[in-house]
Amino acid sequence: QVQLVESGGGLVQAGGSLRLSCAASGSIFRMNAMGWYRQAPGKQRELVAAITSGGITNYADSVKGRFTISRDNAKNTVYLQMNSLKPEDTAVYYCNAEGYTSSLREFRSWGQGTQVTVSS
């Protein structure tokens, strides 16, 4: 089983920055895509950003130019640098990762979520 632990959420004023981290642990043979999703109250969970094992990134239009996703493959960790935050970025942010365990079973795991609140 693969566990994801997120950190770095909090309260910030509009225009500020936060950096989220998500570390994966467990019997990981290969880590493929990693990403960040968010869910605001009353809304569906949406993709914020994703990154492949080769470093190809994909962003939601709403965060392009403000958020940057990166990863450290040696540490099985993914980061989300969030700049120029807006009140509409307020949500619970979830880390997601997929790949293969050491027994060559596919996995897709979610973190427990971390709250990001942006005040106006």
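Because only heavy atoms are used, hydrogens play no part in the values below, and waters and symmetry mates are left out as well, while side chains stay in.
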Going by disulfide (SG to SG under 2.5 Å), name the pairs with one or both residues in residues 28-84, residues two or more places apart or in two chains.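 Matches after skipping sequence neighbours: none remain.
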Among pairs that include at least one residue of residues 34-66, which meet disulfide (SG to SG under 2.5 Å), considering only residues two or more places apart or in two chains?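 Residue pairs with at least one partner in residues 34-66: there are none.
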Is there a chain of hydrophobic side chains (I, L, V, M, F, W, Y, each step under 4.5 Å between heavy atoms) that links Phe107 to Trp36?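 Looking at the clustering, Trp36 is in the same group as Phe107.
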Are Ile69 and Tyr79 connected into the same hydrophobic cluster when the rule is that any two of I, L, V, M, F, W, Y join if their side-chain heavy atoms are below 4.5 Å apart?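 No, Tyr79 and Ile69 fall in different hydrophobic clusters.
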According to side chain to side chain donor-acceptor pair (under 3.5 Å), who are the partners of [X], at least two apart in sequence or on a separate chain?
X     : value
Tyr59 : none
Lys75 : none
Gln39 : none
Thr57 : none

As a quick check of understanding, evaluate side chain to side chain contact (heavy atoms under 4.5 Å, CB included) for Ile51 and Val78, giving each step before the final call. CA-CA 9 Å; Ile51 184 168; Val78 63; 4.1 Å; yes
Show me, pair by pair, the donor-acceptor contacts under 3.5 angstrom made by side chains of residues 83-91, not counting sequence neighbours?
unit_1: Asn83; atom_1: OD1; unit_2: Ser17; atom_2: OG; d: 2.9
unit_1: Asn83; atom_1: OD1; unit_2: Gln81; atom_2: NE2; d: 2.9
unit_1: Asp89; atom_1: OD1; unit_2: Arg38; atom_2: NH1; d: 3.0
unit_1: Asp89; atom_1: OD1; unit_2: Arg66; atom_2: NH2; d: 3.0
unit_1: Asp89; atom_1: OD2; unit_2: Arg66; atom_2: NH1; d: 2.7
unit_1: Asp89; atom_1: OD2; unit_2: Arg66; atom_2: NH2; d: 3.4
unit_1: Asp89; atom_1: OD2; unit_2: Lys86; atom_2: N; d: 2.8
unit_1: Thr90; atom_1: OG1; unit_2: Pro87; atom_2: O; d: 2.9
unit_1: Thr90; atom_1: OG1; unit_2: Val118; atom_2: N; d: 2.9
unit_1: Thr90; atom_1: OG1; unit_2: Val118; atom_2: O; d: 3.4

Using 0.5 Å steps for rounding, measure from the CD atom of Gln115 to the CG atom of Leu11.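 Those atoms lie 9.5 Å apart.
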Please list every donor-acceptor pair under 3.5 Å in which a side-chain atom of residues 94-101 meets a protein atom from a residue at least two apart or in another chain.
unit_1: Asn96; atom_1: ND2; unit_2: Ser109; atom_2: O; d: 3.4
unit_1: Thr101; atom_1: OG1; unit_2: Ser103; atom_2: N; d: 3.3
unit_1: Thr101; atom_1: OG1; unit_2: Ser103; atom_2: OG; d: 3.0
unit_1: Thr101; atom_1: OG1; unit_2: Arg105; atom_2: N; d: 3.2
unit_1: Thr101; atom_1: OG1; unit_2: Arg105; atom_2: O; d: 3.4

For a 4.5 angstrom cut-off between non-hydrogen side-chain atoms, does Val92 reach Thr114?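 No. Closest side-chain heavy atoms not under 4.5 Å.
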On a heavy-atom basis, which atom in Met34 and which in Asn76 lie closest, and how many Å separate them?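 Closest approach of Met34 to Asn76, heavy atoms only: CE-O, 3.8 Å.
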Closest non-hydrogen atom pair between Leu80 and Ala49, with its separation: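 Result for this residue pair: CD1-CB, 4.2 Å.
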Under 6.0 Å between ring centres, would you say that holds for Tyr37 and Trp110?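 Yes, close enough.
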For Thr52, does its backbone N or O pair with a side-chain atom of Arg71 as donor and acceptor, under 3.5 Å?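 Checked: pair present.
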May I ask you to decide if Val5's main-chain N or O and Gln112's side chain share a donor-acceptor pair within less than 3.5 Å?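 Side chain of Gln112 to backbone of Val5, a donor-acceptor pair under 3.5 Å: no, none is there.
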Using a 3.5 Å cut-off and no angle test, enumerate the donor-acceptor pairs between side-chain atoms of residues 20-33 and protein atoms at least two apart in sequence or in another chain.
unit_1: Arg30; atom_1: NE; unit_2: Asn32; atom_2: OD1; d: 2.6

Under the side chain to side chain contact (heavy atoms under 4.5 Å, CB included) rule, what do Tyr93 and Glu6 come out as? Steps first, then yes or no, please. CA-CA 9 Å; Tyr93 284 68; Glu6 300 135 338; over 6 Å; no
